[in-house]
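For reference, the structure is listed below as structure tokens.
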Amino acid sequence: MREENARAYWAANVRLILTYLVIWFVVSYGCGILLVDALNNIHFFGFKLGFWFAQQGSIYVFLALIIMYARSMNKLDRKFDVHEE
Amino acid sequence: MDVQLLTYIFVGVSFALYIGIAIWSRARSTKDFYVAGGGVSPLANGAATAADWMSAASFISMAGIIAYSGYDASVYLMGWTGGYVLLAMLLAPYLRKFGKFTVPDFIGDRYYSNVARTVAVICVIFVSFTYVAGQMRGVGIVFARFLEVDVNTGVVVGMAIVFFYAVLGGMKGITYTQVAQYCVLIFAFLVPAVFLSIMMTGHILPQTGFGATMLDAAGNDTGVYLLQRLDQVVQDLGFGAYTDGSKSTIDVFFITAALMCGTAGLPHVIVRFFTVPTVRDARVSAGWALFFIALLYTAAPAIGAFARTNLIDTVNNAEYEQLPEWFYNWENSGLIGWMDKNNDGRVQMSAGDPFKGSPTFAGSRAEASGEYGQRVVTNPPADNASEVYIDRDIIVLANPEIGNLPAWVVALVAAGGIAAALSTAAGLLLVISAAVSHDLLKKTMMPTITEKQELLAARLAAVVAILIAGYFGINPPGFVAQVVAFAFGLAAASFFPVILMGIFYKRMNKEGAIAGMLVGLIFTFCYIVYFKFVSPDLNSAEHWLFGVSPEGIGTVGMVLNFVVALAVSRVTAPPPEHIQHIVEDIRVPRGSGAAHQH
């Protein structure tokens, strides 16, 4: 039982990580690099959008991802009863 | 008060602060020395990680690189922050649960092999030394320019300060001085940025300011976006547009990936997460670290755009004799050189280097000055209209002067530059000393030594490391700038994959890990050495493998590491039962307190 619980916890964690890594990839490698020329046709305040993602936006999203992951994991730790005392 | 006196006061006060903290936080055990007793709060660890991570390069050079290369510099902005996402989700929490002192510790234990441990120790030492030499040099340069002492004296003073708190306090001393250093450096970086932003666009936040419309000298809105104008101005001078890149997409992609994975794999960053009390704290702490780093990293591109605009407006086509004071000061330091190719007494900027490399002068200004009083540059001129060399490193240091900011801001920037260099140097030196005393001596060569002896060995190793780093600071090997690619490429090609697989793939065994690490390392090492040292003239896109530059090759090395490790582990015996239990254990947070008591 304990082993099954640990396995389910790990699977949930890996799912979470993969979801967040997809977002991580899309904002940096996607918007900031691969699609930068297309996005640069769109203007966002005084920025070209692709340029903004490469020099500003991706960093904000990275920070949001770490905060969301830490929160989600705190919940997951409790749900599977593996949290620290 | 004049700038120099203010600088002495600011730097002196910050040094007194660091020494005070060092005395207050002396290390009494190896656990104190290696991981600050494991009781650092996530917030403090976040600030310390940020200071540890942001080196003289981040503080002094990055905004200048952005100013000169525009979009192309995005690789650094994304690469050096995106790595923290990997660290927070893939490495830090599990390594904290594992609860040992060093990165080679994890590799040696997880792969039940002293060969793996020794390979890791060699990588740690190599990566850390290439990095630390530049820091000491940075300290020296700041001293030379702002306090008008010799560069070498500056290096020695810097060494003495680091010596004091790193040897005395170990990780504990370093952690709390790094928190103080973070405060100094971020304040010093942001104050000029905010000033410039208000002056040029009326925005308090530089992050929004560089996307806003510009103000004219009287403070009225011109209605022209700063970036649009900058694009226009640099294109008129013959450069590519500031917001467009000149590097190929594939190269940008690979460099960014190498920097991200390298960041996540750098030992001096990873060990910071061994100092927090719980797994939960390790995750939170990564968030704080990136928050503190992002304050600087989102302001840097704004400074880059402001500085480039200001620089062109002030210098281009201006009469040499009418230029502001800072231009002559930095010319005296040899970081600016002007060659009046068309003999009109005006400074012309345009695309292309005015001459090859950095300027060499016929003598000091008093000994050899040209028609307009300029220092005479002796380099053979390049065949273009470009007349002025401005070292990109001075963008941040000279920004307060270029923007005409008050003297205390200039002094603050000097203290900030020194704080950035010292904090990173100390973190690296500690990693080197721990690798020697803990991994080489205690775990491999002399397992019988007592804790007291190990602590003494750690302190001695730190002393030796400081002396070597100081030597490199005073006699910089010509290749320092070229080997930065090494640190990230090697970390990405060696540590990142082995640690990741050690956590996420239970079946990975020592044969796979060692083979993967060696292949990744040797491939990356040879590629960089070949293009940087053996045949530098071939170092251009048409000769590169898949069009990937030496800066980005670590990504290819990393992929090779993964492939080789997986293949070899399939055909060799699985790791022993107890190793599989270790892996199961580090995946679960509960019990992290016990893991630290070993």
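Letters A, B, ... are given to chains in the order of the sequence lines, protein chains preceding strands, and every chain is numbered from 1.
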One should read off an interatomic distance between B/Met89 CE and A/Tyr69 OH, to the nearest 0.5 angstrom, of 7.0 Å
- [ ] Apply side chain to side chain contact (heavy atoms under 4.5 Å, CB included) to A/Tyr20 and B/Val85, showing your working.
- [x] CA-CA 9 Å; A/Tyr20 288 149; B/Val85 179; 5.9 Å; no
In terms of heavy-atom pairs under 4.5 Å with chain A, the winner among B/Gly82, B/Ala73, B/Ala286 is B/Gly82
In short, B/Ala88 meets A/Ile66 closest at the heavy-atom pair CB-CG2, 3.8 Å
Turns out that what part of B/Ile293 lies under 4.5 Å from chain A's heavy atoms comes down to neither
Okay, B/Ala300 and chain A: the region with an atom under 4.5 Å from a heavy atom over there is neither
If one checks every heavy atom of A/Ser58 against chain B at 4.5 Å, the contacting part turns out to be side chain
To the nearest 0.5 Å, atom CE of B/Met78 lies from atom OH of A/Tyr29 at 8.0 Å
In this structure, CZ of B/Phe504 is separated from CD1 of A/Ile17 (nearest 0.5 Å) by 4.0 Å
Worksheet item: Does the B/Gln207 side chain pair with the main chain of A/Gln56, one donor and one acceptor, at a distance under 3.5 Å?
Response: no
Q) In terms of side-chain geometry, is the basic nitrogen of A/Asp81 or B/Arg590 positioned less than 4.0 Å from the acidic oxygen of its partner? A) yes
When the 4.5 angstrom heavy-atom criterion is applied to A/Leu21 and chain B, the contacting part is both
Between A/Trp10 and B/Tyr94, is the ring centroid distance below 6.0 Å?
yes
Highest number of heavy-atom pairs under 4.5 Å with chain B among A/Asn13, A/Asn40, A/Ile59 belongs to A/Ile59
>> Just checking B/Trp288: does its CH2 atom have more than 12 heavy atoms from other residues, nucleotides or ligands closer to it than 6.0 angstrom?
In response: no
- Message: Tell me if a side-chain donor or acceptor on A/Gln55 pairs with a main-chain N or O of B/Gly70 at a distance below 3.5 Å.
- Response: yes
When the 4.5 angstrom heavy-atom criterion is applied to B/Leu87 and chain A, the contacting part is neither
task: Give the intermediate values and the outcome of side chain to side chain contact (heavy atoms under 4.5 Å, CB included) for residues B/Phe253 and A/Leu34.
output: CA-CA 8 Å; B/Phe253 190 99; A/Leu34 299 173; 4.0 Å; yes
Ring centres of A/Phe47 and B/Phe210 under 6.0 Å apart? yes
Value for CZ (A/Arg71) from CZ (B/Arg283), rounded to nearest 0.5 Å, stands at 14.0 Å
Okay, A/Val27 and chain B: the region with an atom under 4.5 Å from a heavy atom over there is neither
- prompt: Do side-chain atoms of A/Glu84 reach the backbone of B/Gly591 as a donor and acceptor pair under 3.5 angstrom?
  reply: no
Applying a strict 4.5 Å limit to non-hydrogen atoms, the region of A/Leu63 in contact with chain B is both
What one should report as the nearest heavy-atom pair of B/Val588 and A/Ala6 is CG2-CB, 4.4 Å
Check: According to the interplanar angle, ranging from 0 to 90°, do the rings of A/Phe51 and B/Tyr71 count as parallel (below 30°), tilted (30 to 60°) or perpendicular (above 60°)?
Finding: tilted
So, the part of B/Leu290 with a heavy atom under 4.5 Å from chain A: the answer is both
When the 4.5 angstrom heavy-atom criterion is applied to A/Val14 and chain B, the contacting part is side chain
Under 4.5 Å to a heavy atom of chain A? For B/Tyr76 that would be neither
Would you check if A/Trp24 and B/Leu86 make a side-chain contact, meaning some heavy-atom pair closer than 4.5 Å? yes
Worksheet entry | Whether over 12 other heavy atoms sit under 6.0 Å from B/Ile204 CD1 | no
Output for pair (A/Asp77 CG, B/Arg280 CZ), nearest 0.5 Å, gives 8.0 Å
Cut-off 4.5 Å, heavy atoms of chain A, and the answer for B/Asp231 is side chain
Here the gap from A/Phe25 atom CZ to B/Met260 atom CE, rounded to the nearest 0.5 Å, amounts to 9.5 Å
When the 4.5 angstrom heavy-atom criterion is applied to A/Tyr60 and chain B, the contacting part is side chain
Cut-off 4.5 Å, heavy atoms of chain A, and the answer for B/Ile250 is neither
Looking only at B/Thr81, B/Val284, B/Thr208, the option with the highest number of non-hydrogen pairs under 4.5 Å against chain A is B/Thr81
